[in-house]
Student: 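Take a look at this one; I'll ask things after.
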Amino acid sequence: MKTQSVTLPIFTSAGQFVARYSENGLVELDFPKVGSARRADRTPQRGVPTIPATIRKWHRATAAALKNILAGRLPGKLPPLDLSNGTMFQRKVWNTLRKIARGQTKSYGEIARAIGRPKAVRAVGGACGANPIPVLVPCHRVLAANGKVGGFSGGLNWKRELLAREGVSL
DNA sequence: CATCCAGTATATA
DNA sequence: TATATACTGGATG
């Protein structure tokens, strides 16, 4: 069963992000492709399926939230997030991540304790890496306990950049 | 300070 | 089944 999904671009000062939606909400958000802040290929005008009004509404919310965050502001209203593709464990982790306030950071260990698996810190790292919606689900606010930045699927530059825009100094 | 190890959930081979 | 992770905390040299 291939859930039909819609992929839409978001143009920001930092490049073109790509958001993907299912019938249940935002499924995935991708960073701009490296080095191509230039004009991306336009989706062919012909043959573009009609985009449901619901999804356009979600997309506006996503774009607004993303731009707010990049501007160092609170994201504001978010679209529904469709995390049904993740495991129970991952969803629990992602849900916990969303509770980290802007400008705050947590360690992988703290996340692990928060979900009642204090020793599953490594697994938490894995769940963060599998996070399909970076920025809106702030995996970039999770640092290693010894002050290291850790890793980031979108590239460490992004992690540092996002933190910097939130006023977090490493 | 450098290594190693256990414990954990997942992914991949 | 074995190995490797975006890890941590403790043990050991």
Side-chain angles (χ1 to χ4, degrees), chain A residues 1-5 7 9-10 12-37 62-63 65-75 78-170:
Chain A
M1 169 210 92
K2 172 139 276 184
T3 303
Q4 111 179 8
S5 63
T7 314
I10 299 177
T12 73
S13 54
Q16 178 191 335
F17 286 73
V18 176
R20 191 162 67 83
Y21 301 86
S22 73
E23 54 201 21
N24 297 315
L26 178 61
V27 173
E28 188 174 0
L29 181 66
D30 289 333
F31 284 102
K33 302 230 183 326
V34 257
S36 67
T62 303
L66 183 56
K67 287 172 185 173
N68 281 336
I69 290 176
L70 291 177
R73 303 186 171 283
L74 293 173
L78 295 181
L81 307 182
D82 182 1
L83 303 175
S84 58
N85 51 336
T87 65
M88 274 302 182
F89 182 83
Q90 291 170 332
R91 280 190 260 178
K92 224 167 178 177
V93 171
W94 298 336
N95 198 46
T96 304
L97 294 183
R98 295 178 58 192
K99 295 185 180 122
I100 307 178
R102 187 187 79 89
Q104 289 188 337
T105 61
K106 288 207 170 210
S107 71
Y108 293 95
E110 285 176 296
I111 300 296
R113 284 195 289 278
I115 62 176
R117 290 286 185 299
K119 293 177 183 173
V121 286
R122 218 165 180 175
V124 167
C128 290
N131 170 23
I133 314 177
V135 186
L136 299 190
V137 175
C139 48
H140 59 279
R141 297 192 185 124
V142 184
L143 307 179
N146 53 1
K148 285 178 189 154
V149 187
F152 195 60
S153 28
L156 283 179
N157 285 354
W158 271 110
K159 187 164 182 175
R160 297 199 194 90
E161 179 65 24
L162 288 168
L163 288 172
R165 294 189 187 213
E166 295 185 357
V168 176
S169 48
L170 310 171

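Chain naming here is simple, since letters A, B, ... match the order of the sequence lines and numbering starts at 1 in each.
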Student: I need the CH2-P distance between A:W94 and B:dT10, as an integer number of Å.
Tutor: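 Interatomic distance, CH2 of A:W94 to P of B:dT10: 10 Å.
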Student: Within the 4.0 Å heavy-atom criterion, would you say A:G126 contacts the bases, only the backbone, or no part of the nucleic acid?
Tutor: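 Result for A:G126 = nothing.
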Student: CD of A:Q90 versus C1' of B:dT10: gap in Å, rounded?
Tutor: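 About 7 Å, once rounded to whole Å.
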Student: Quick one: on DNA chain C, does A:N146 or A:A123 contact a more 5' nucleotide (nearest heavy atom)?
Tutor: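 Of the two residues, A:A123 wins.
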Student: How far, in whole Å, is C:dT5 from B:dT8 if one measures between their C1' atoms?
Tutor: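 Approximately 11 Å lies between the C1' atom of B:dT8 and that of C:dT5.
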Student: How many Å lie between CG on A:N131 and C1' on B:dA9, as a whole number?
Tutor: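 Result: 16 Å.
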Student: Stems in DNA chain C: runs of 3 or more consecutive Watson-Crick or G-U pairs, distances under 3.5 Å?
Tutor: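 Ordered by first number, the stems with DNA chain C (at least 3 consecutive pairs each) read B:1-7 with C:7-13, B:9-13 with C:1-5.
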Student: Whether the side chain of A:E110 engages the backbone of A:S107 through a donor-acceptor N/O pair (distance < 3.5 Å, no angle test) should be reported.
Tutor: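 Yes, because the side chain of A:E110 sits within donor-acceptor range (under 3.5 Å) of the backbone of A:S107.
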Student: Distance between the P atoms of B:dA13 and C:dA6, in whole angstroms?
Tutor: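 Going atom to atom, P in each nucleotide, I get 15 Å.
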Student: Using atom types as modelled and distance alone, determine if a side-chain donor or acceptor of A:W94 lies under 3.5 Å from a backbone N or O of A:A130.
Tutor: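 Flag not set: sc A:W94 to bb A:A130 has no pair under 3.5 Å.
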Student: Specify whether A:F152 and A:F31 have parallel, tilted or perpendicular ring planes, treating 30° as the upper limit for parallel and 60° as the lower limit for perpendicular.
Tutor: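 Plane angle over 60°, so perpendicular.
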Student: When all nucleic acid strands are considered with a 4.0 Å heavy-atom cut-off, which category describes A:F89: base, sugar-phosphate, or nothing?
Tutor: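 Touches sugar-phosphate only.
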Student: Please classify the nucleic acid contact of A:S153 as base, sugar-phosphate, or nothing, using heavy-atom distances under 4.0 Å.
Tutor: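 Base contact.
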Student: Could you tell me whether A:R91 atom CZ has more than 12 heavy atoms of other residues or ligands within 6.0 Å of it?
Tutor: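 More than 12 heavy atoms, drawn from other residues, nucleotides or ligands, come within 6.0 Å of this atom.
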Student: I'd like the 5' and 3' limits of the part of DNA chain C contacted by chain A, with heavy-atom contacts below 4.0 Å.
Tutor: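 Contacts span C:dT5 to C:dG9, reading 5' to 3'.
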Student: OP1 or OP2 of B:dA9 versus the side-chain N and O atoms of A:R117: is any pair under 4.0 Å?
Tutor: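 For B:dA9, OP1/OP2 do have a side-chain N/O of A:R117 under 4.0 Å.
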Student: Between CG of A:L83 and OG of A:S22, what distance do you get to the nearest 0.5 Å?
Tutor: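 Going from CG on A:L83 over to OG on A:S22, the span is 9.5 Å.
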Student: Taking B:dC4 as the reference, what is the distance to C:dT3 when you measure between their P atoms (whole Å, please)?
Tutor: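 Pairwise P distance, C:dT3 against B:dC4, rounds to 16 Å.
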Student: When you measure from the side chain of A:R102 to the backbone of A:G167, do you find a donor-acceptor pair of N or O atoms at a distance under 3.5 Å?
Tutor: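 Answer holds: no.
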Student: Would you say A:K92's side chain and A:A114's backbone share a donor-acceptor pair under 3.5 angstrom?
Tutor: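 It does not hold such a pair.
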Student: Donor-acceptor check, side chain of A:K159 to backbone of A:G151, threshold 3.5 angstrom: yes or no?
Tutor: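 Such a contact is found between A:K159 side chain and A:G151 backbone.
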Student: Is A:K106 reaching over with its side chain to a backbone N or O of A:I100, donor-acceptor style, under 3.5 angstrom?
Tutor: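 Side chain of A:K106 to backbone of A:I100: no pair is present.
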